[in-house]
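Step one of this worksheet: look at the structure below.
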Amino acid sequence: MNNKHRVAQGFFNRDVLKVAPELIGKTLVRKHPDGKEKRYTITETEAYRGEKDLACHAKKGRTKRTEIMYHEGGCVYMYFIYGMYWMLNFVTGTKNEPQAVLIRGIEGIDGPGKLAKQLQLDRSFYGENLSTSERLWIEDPQTTIEYDSHTRVGIEYAGKPWTEKKWRFRLKQNSNR
DNA sequence: GTAAGGATTGGC
DNA sequence: CCAATCCTTACT
């Protein structure tokens, strides 16, 4: 008796500006090697949208690192930053349309670096398919939530207008007045 | 305000 | 090869 089910690939094969806000309130499931499944509500995401978006890693085109972003949506994009942290991203859009959603926060863990560390996510998840993976996927709790839109964090290097895009989305707490 | 830390990238 | 840069965090 479980009416939650895994979000299928089609969910991710859409524009990142639709997928990123819709991921808010969804359930991130991590199944550890010991078999234990842990579930977390996604509370904060950020959209990175194509080669034109100067905040997106794909701004320089296809490289070994960004290759996965050119695939169809539904794969995991992991990258290592500042010598310490892995970042969890989900590829979105269609083939050859480099987009990704950075998962910045989940219930109880605020911050993308801390998130990947606690869930034990690293390079080995690069390219993981969310619709078939046995250790990482998304479920739809079928609840209604509200979200706020904000500017993205840590992308000053991109300049305007990219620093001003409100492409960061956060779960609105106390949304039921 | 800023040090930590290592992979990635581009330039030579 | 070399060095600048980086979608962060925790510390003084």
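Keep in mind that this is a model prediction, so the values were computed, not measured. So that the names make sense, note that chain A is the first sequence line, chain B the second, and so on, each numbered from 1. The basis for the numbers below is simple: all heavy atoms, side chains too, and nothing from hydrogens, waters or symmetry mates.
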Margin query: Can you give me the first and the last nucleotide of DNA chain B (5' to 3') that has an atom within less than 4.0 angstrom of a non-hydrogen atom in chain A?
Written below: B:dA4 to B:dG10
Using a cut-off of 4.0 Å on non-hydrogen atoms, how would the nucleic acid contact of [X] be classed: base, sugar-phosphate, or nothing?
| X | value |
| --- | --- |
| A:Arg168 | nothing |
| A:Met87 | sugar-phosphate |
| A:Ile81 | base |
| A:Arg152 | nothing |

Integer-rounded Å distance: [N] [atom2] and [X] [atom1]:
| X | N | atom1 | atom2 | answer |
| --- | --- | --- | --- | --- |
| A:Ile109 | C:dA10 | CD1 | P | 12 Å |
| A:Glu46 | C:dT8 | CD | P | 7 Å |
| A:Glu44 | C:dC7 | CD | C1' | 12 Å |
| A:Lys60 | C:dC6 | NZ | P | 7 Å |
| A:Leu54 | C:dT5 | CG | P | 16 Å |
| A:Lys114 | C:dC11 | NZ | P | 11 Å |
| A:Ile155 | C:dT5 | CD1 | C1' | 16 Å |
| A:Glu156 | C:dC6 | CD | C1' | 13 Å |

Next item on the list: Let me know, please, whether A:Arg123 or A:Tyr82 comes out on the 5' side of the other along DNA chain B by nearest nucleotide.
Entry: A:Tyr82
Margin query: As a check on the pairing definition, encode DNA chain C in dot-bracket form, counting Watson-Crick and G-U wobble pairs whose two distances are under 3.5 Å, and using | for partners outside this strand.
Written below: ||||||.||||.
Check: So, the side chain of A:Glu97 versus the backbone of A:Thr94: is there a donor-acceptor pair under 3.5 Å, distance only?
Finding: yes
Next item on the list: Would you check if the side chain of A:Thr92 reaches a backbone N or O of A:Gly73 as a donor-acceptor pair within less than 3.5 Å?
Entry: no
Next item on the list: Give me the one residue out of A:Arg152, A:Lys165, A:Gln99 that meets side chain to side chain donor-acceptor pair (under 3.5 Å) with A:Asp53.
Entry: A:Arg152
May I ask you to say whether [X] pairs ionically with [Y], meaning some side-chain N is under 4.0 Å from a carboxylate O?
| X | Y | answer |
| --- | --- | --- |
| A:Asp110 | A:Arg104 | no |
| A:Glu134 | A:Lys31 | no |
| A:Arg39 | A:Glu37 | yes |
| A:Lys60 | A:Glu51 | no |

Checklist line | Output field: ring centroids A:Tyr48/A:His57 closer than 6.0 Å | finding: no
Note to self: Assess the residue pair A:Tyr126 and A:Tyr77 against the criterion (side chain to side chain contact (heavy atoms under 4.5 Å, CB included)); give the C-alpha distance rounded to whole Å, side-chain angles, the decisive distance to 0.1 Å, and a yes or no.
What the structure shows: CA-CA 5 Å; A:Tyr126 184 97; A:Tyr77 167 43; 3.7 Å; yes
Item checked: Any donor-acceptor N/O pair under 3.5 Å between C:dC6 base and A:Tyr79 side chain -> no
Checklist line | Linked, directly or transitively: A:Val16 and A:Leu54 (ILVMFWY side chains, under 4.5 Å) | finding: yes
Note to self: Measuring to OP1 and OP2 of C:dC6, would you say a side-chain N or O of A:Arg65 lies under 4.0 angstrom away?
What the structure shows: no
